[in-house]
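Atoms considered below: every heavy atom in the structure, side chains included; atoms not considered: hydrogens, waters and symmetry mates. In this text, all values refer to a predicted model and were calculated from it rather than measured experimentally. Proteins come first, then strands; the chains are lettered A, B, ... in the order of their sequence lines, and each starts at number 1.
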Amino acid sequence: MNSFNYDHKAVEEKWQRKWKEDKTYQTEENPNKEKCYVLDMFPYPSGEGLHVGHPKGYIATDVFSRLKRMQGKSVLHPMGWDAFGLPAENYAIKNKVHPRVMVEKNIARYKEQLASIGFDYDWDREINTTDPKYYKWTQWIFLQLFKKGLAHESNEPINWCPSCLTGLANEDVEDGKCERCGTQVEKRPIRQWVLKIREYADKLLEGLNDLDWPKSIKESQRNWIGRSEGMLFTAPVKDTNITIDTFSAHFEACYADTFVVIAPDHGLLPDLLEGIDNKEEILETAKHLAHKQNEKDFDGSKNVEGVFTGRYIVDPLGNGDLPIWIASYALADYGTGIVKCSCHDERDFAFAKKYDIPLKPVLFPKDEVEAGKVRDLEECFVDMKNGVLTEPEEVAGQSGGSVREIVIKHLEEKGLAKKTVNYKLRDWVFSRQRYWGEPIPIIHCEKCGPVAVPESDLPVVLPDVEHYEPTGTGESPLANIPEWVNVACPECGGEGKRETNTMPQWAGSSWYYLRYMDNKNDTALVDPEKEKYWQPVDMYVGGAEHATRHLIYARFWHKFLHDIGVVSESEPFKRLQHVGLIQAEDGRKMSKRFGNVVNPDDIVNTYGADTLRVYEMFMGPFDQNIEWSTKSIIGPRRFLERVGVLSERVSEDSEIDKNVERELHKAIQKVSEDIISFRFNTAISTLMTLGNTLHKLQSIPVDVYKIFLQLLAPFAPHITEELWSMFVKETSIHNSIWPVCNTEKIIDETVTIAVQVNGKVRDTFEIDSGKDEDEVKTEAQELPGVSKWIEGKNIKKIIYIKDKLISIVVDD
RNA sequence: GCCCGGAUGGCGGAAUCGGUAUACGCGCAACACUUAAAAUGUUGUCCGCAAAUGCGGAUGUGGGUUCAAUUCCCACUCCGGGCACCA
């Protein structure tokens, strides 16, 4: 019966070997060809190895890059390793192996696993962030930031993880916990390096508009940057030489302000309280409030608490003296840390009620009864958009939402306030008190301060140490190696000490896509010609969890590199697709902890890499989370087997049936479009349908079969190569020319018309496509299924949608 | 609280410039092949009216626009994600 025997192991091993020997997927840098740069977010080689969810994104880029290669593009599709950082280090400490040894082992394991799935990576382009030849350039970028004043030392209190024993960036904290280990973070003042990402906040926001990225990720970034326009009020503090600034985004009702609050951990407090009798007592309360603020479940909007400072500001708007209170809900690190307050804010209102601070409403609802309640301070009214203002005079009687610009003008012209912008985005805390990271290339000199390591001395190689456990002292383990730490100051030649903090995990991944373009260059980060050729990344695929970390950092560094002329475009990643997670069959995350991990090796062994690939692309929409189902894999496997069986019915001289030809060309169109737009599931169902059609034929024309194989090749590279080689000896299917849809061949000769009577389908009939409208209408009314519904009834109208349907409307 | 997604058979999902809802796959059932089973093939498979024809109902809920709504509009419920003491 069926002599085709699908031995996936033999086929896959054979072709993987052959592709490697033939360098089938070597990157071609051909200036006469259009380029296409397809990139995966490179993995962190963890000790756990891959589960079936990991390759999903890699399969997609593989399919995409194979299509582009067959369409004649120069394709760059590389892979590498993001191997510095806390997880590798923590894992190494736990298992008492040097991180370097661990990382090497894990990379070897990952590579093996990836190879078995048949990806078309060009391994000559491989990179590893922990390779000194690589991080030389990570350090070089840091130095450029330092030289431009965008990297500086600071002692501000930052997030500190008491378990990982290191400072963290704002981005590394999730819900008050260390993103890595889940421990509650604390605020702690330590010496640290900070990158001024805020200076790029507006550029980062504006750049988003031109990117072909998922809406949700752009939205996340906008939220994260949190740009807010408002007014800055400046006022003198009575009986002192101090003036304070307050920021307000909802300043429309600023004439309602009756008091001021300051954050309990605000740096200005001691000065402000100078000369106040119970200064120490107040400071003690402030400290207590600040401490409370840091507690994990503290919600300041519910627990308003505070203490009066004894100080007043002179209201710039002429409302007399406004008392300054310390309040639990005021944040030191947003705006100026001091806020002018009124009854038109829930927290302020609650606070004032609690401490009997006078209030003065100026914004009212339109409803008179409701307005009365606001006037009597029974209710807090905050609808700045629809509420009606009574002050200032210029806008009295108008709604807050309509007068924003007028109020700004009024305040600025009278010199009462200045327009200002605030961001939620914090500067990037860039140092870690840990071993396994890029050394920060700075030398501290008592005379010259922090001095850049000369570029000719890069890389500053991470030395081997005996003990790489974190110290917890605010210094990294590197501080314990005097022979490494003590060096001459590059400026004055005097005694200097190396910076012992290392860079965060995100450093290496903030520019790695540039290195693939020119991964062996020892004299430049990337050759400008190569950069111009490959830039930007045309398709970038990875998890949505990187929206506010890696994807912001990388855009920041890229924009900086653009500003100093290293790269030619202002954005690194033109198009981005995010990959939906594959969850375990129990609906949970796949994790060793739950014992629900499905290993791709097992699937490759049992069903073959091609089946795994087709299945993962067929499961559902690419960007959607979906549950793994080992039961359903059999579908794709059966499909591939049938594709093989079809090869026995291929004939050199059989005629092409018109209908088959039409379906074939429609499939060419559909599959091409679907791959480009990442709708892999429908591409595969189209191929399955075409396969079913071919299955019904006695004899399949060889040209039809070859095209069918080509369309399937990006998804199932091994079996299609094997079957292709039965008919074509000279070239790999993966370097063959992608078929083009002939639009004349997809025109339907006959079409089915549905006939509706009062909106319900009553019958269908076949016509030649493009048939005369009147004839179709007449024919439709004569159909048995239709005539019984319209007989004896008054036809009000007949609508004809060309080649699709007839809709007859009759009186009931 | 604010912002962004989503909800379609037993299951994964398809179809959204409004035009025959349920493509493709899984599962299930029957039949063929087989001593038998598996595999494979063929056929069927949204629900209800006992079956066929036929009729009615169905795309989270309730309204609306339309000859026609999964698709557009309004209100709501639930699920997922982001932000959240941000003044």
Rounded distance [0.5 Å steps], NZ in A/K187 versus NE2 in A/H291: 14.0 Å
Within the structure, does a side-chain N or O atom of A/K760 lie under 4.0 Å from either OP1 or OP2 of B/G57? yes
Testing the 3.5 Å rule here: is there a donor-acceptor pair between the side chains of A/N758 and A/W789? no
Using atom P of each nucleotide, how far apart are B/A87 and B/U65 to the nearest Å? 42 Å
Does A/E156 have more than 12 heavy atoms from other residues, nucleotides or ligands lying within 6.0 Å of its CD? no
Using the P atoms only, state how far B/C73 lies from B/C17, rounded to an integer number of Å. 13 Å
Whole-Å distance, A/I626 CD1 to B/G6 C1', equals 13 Å
Would you classify A/E627 as touching base, sugar-phosphate or nothing, given that sugar-phosphate means primed atoms plus P, OP1 and OP2, and contacts are heavy atoms under 4.0 Å? nothing
Would you indicate what A/F247 reaches in the nucleic acid, counting non-hydrogen atoms under 4.0 angstrom: base, sugar-phosphate, or nothing? base
Is A/R638 close enough to B/U40 that one of its side-chain N or O atoms is under 4.0 Å from OP1 or OP2 there? yes
Just to be sure I understand the rule, does A/K788 reach a base, reach only the sugar-phosphate, or reach nothing, if contact means heavy atoms closer than 4.0 Å? sugar-phosphate
Measure from the side chain of A/A330, starting at C-beta and using heavy atoms only, and say which of B/A87, B/A15, B/C4 lies closest. B/A87
Is the closest side-chain heavy-atom distance between A/F678 and A/D623 below 4.5 Å? no
Which heavy atom in A/S216 sits nearest to a heavy atom in A/H578, and how many Å separate them? OG-CE1, 3.7 Å
Looking at A/F622, is A/K56 sitting on its ring face, NZ or CZ under 6.0 Å from the six-membered ring centre and within 45 degrees of the normal? yes
So, OP1 or OP2 of B/G12: does either fall under 4.0 Å of a side-chain N or O from A/N681? no
Is it true that A/R549 and A/E174 make a salt bridge, defined as a side-chain N closer than 4.0 Å to a carboxylate O? yes
Atom pairs under 3.5 Å, N or O on each side, protein against nucleotides 79-82 of chain B: can you list them with distances?
unit_1 : atom_1 : unit_2 : atom_2 : d
B/G82  : O2'    : A/S220 : OG     : 3.3

On a heavy-atom basis, which atom in A/A286 and which in A/L269 lie closest, and how many Å separate them? CB-CD1, 3.9 Å
NZ (A/K354) with more than 12 external heavy atoms under 6.0 Å: yes
Hey, are A/K777 and A/E773 close enough for a salt bridge, meaning a charged N less than 4.0 Å from a carboxylate O? yes
Could you tell me the separation between the NZ atom of A/K696 and the C1' atom of B/G41, rounded to a whole number of Å? 13 Å
B/G25 to B/C31 separation - C1' atoms, rounded to the nearest Å: 22 Å
Reckon A/T686 touches a base, only the sugar-phosphate, or nothing at all at heavy-atom distances under 4.0 Å? nothing
Pairing string of RNA chain B (Watson-Crick or G-U wobble, both atom distances under 3.5 Å; | = paired to other strand) is (((((((..(((......[....)))((((((.......))))))((((....))))..(((((..]....))))))))))))....
Can you check the distance between B/C79 and B/A29, where both ends of the measurement are the C1' atom (answer in whole Å)? 34 Å
Just to be sure I understand the geometry, which residues of residues 331-341 of chain A put a non-hydrogen atom under 4.0 Å away from RNA chain B? A/L331, A/Y334, A/V339
Between CZ of A/F618 and P of B/C11 the distance, given in whole Å, is 17 Å
Expressed in angstrom and rounded to an integer, what is the separation of A/N758 atom CG from B/U20 atom P? 17 Å
Taking it one step at a time, do A/L640 and A/Y607 satisfy side-chain contact (heavy atoms from CB on, under 4.5 Å)? CA-CA 10 Å; A/L640 294 180; A/Y607 299 94; over 6 Å; no
Would you mind telling me which of B/C26, B/C85, B/G13 lies closest to the side-chain atoms of A/R347? B/C85
Minimum heavy-atom distance A/L359-A/A352, with the two atoms named: CD2-CB, 3.6 Å
Heavy-atom nearest nucleotide on RNA chain B taken for A/G635 and for A/G759; more 5' hit belongs to A/G635
Which part of the nucleic acid, if any, lies within contact of A/S685, taking any heavy atom under 4.0 Å across all strands shown: a base, the sugar-phosphate backbone alone, or nothing? base
Mind running a 4.0 Å heavy-atom check of residues 687-695 of chain A against RNA chain B and sending the residues that fall below it, in number order? A/M688, A/T689, A/N692, A/H695
Base, sugar-phosphate or nothing for A/I634? Non-hydrogen atoms, less than 4.0 Å. sugar-phosphate
Step through it carefully: locate the ring centre of A/F351, locate the ring centre of A/Y329, and say whether they are under 6.0 Å apart. yes
List the steps, then state whether side-chain contact (heavy atoms from CB on, under 4.5 Å) holds for A/F247 with A/Y334. CA-CA 9 Å; A/F247 172 76; A/Y334 182 77; 4.0 Å; yes
Is there a side-chain polar atom (N or O) of A/R222 under 4.0 Å from OP1 or OP2 of B/C4? no
Pairing residues for A/E641 by the salt bridge (Lys or Arg N to Asp or Glu O under 4.0 Å) criterion, not counting sequence neighbours: A/R637
Protein-nucleotides 17-19 of chain B N/O pairs under 3.5 Å:
unit_1 : atom_1 : unit_2 : atom_2 : d
B/G19  : N2     : A/Q756 : OE1    : 3.2

State whether A/K631 places a side-chain N or O below 4.0 Å from either non-bridging phosphate oxygen (OP1 or OP2) of B/C11. no
Please classify the nucleic acid contact of A/T764 as base, sugar-phosphate, or nothing, using heavy-atom distances under 4.0 Å. base
Kindly say if A/R679 contacts the phosphate of B/C24, meaning a side-chain N or O under 4.0 Å from OP1 or OP2. no
Taking the same atom, P, in B/U59 and in B/U8, what whole-Å distance lies between them? 11 Å
Say you pick atom C1' in B/A15 and the same atom in B/C33; how far apart are they, in whole Å? 38 Å
Once you apply a heavy-atom cut-off of 4.0 Å, does A/W789 come out as touching a base, just sugar-phosphate, or nothing? sugar-phosphate
So, is A/R642 close to the B/G41 phosphate, meaning a side-chain N or O under 4.0 Å from OP1 or OP2? yes
Checking B/C67, B/C86, B/G13 against the side chain of A/K424 (C-beta onward), the nearest is B/C86
Decide, yes or no, whether a salt bridge links A/D345 with A/R347 under the criterion of side-chain N to carboxylate O below 4.0 Å. yes
Regarding A/P621, tell me which of base, sugar-phosphate or nothing describes its non-hydrogen contacts under 4.0 Å with the strands shown. sugar-phosphate
Atom CD1 in A/I603, atom OG1 in A/T611: separation rounded to 0.5 Å? 10.0 Å
Whole-Å C1' distance, B/C72 and B/U66: 10 Å
For the P atoms, the ones on B/A30 and on B/A36, what distance do you get once it is rounded to whole angstrom? 16 Å
With syn defined as a glycosidic torsion within 90 degrees of 0 and anti otherwise, which applies to B/G62? anti
Thinking salt bridges, do A/R404 and A/E229 make one under a 4.0 Å N-O criterion? no
Of A/E766, A/E749, A/E779, the residue whose pairing with A/K771 passes salt bridge (charged side-chain N to carboxylate O under 4.0 Å, His left out): A/E779
Any ion pair linking A/D748 and A/K666 (charged N to carboxylate O, less than 4.0 Å)? yes
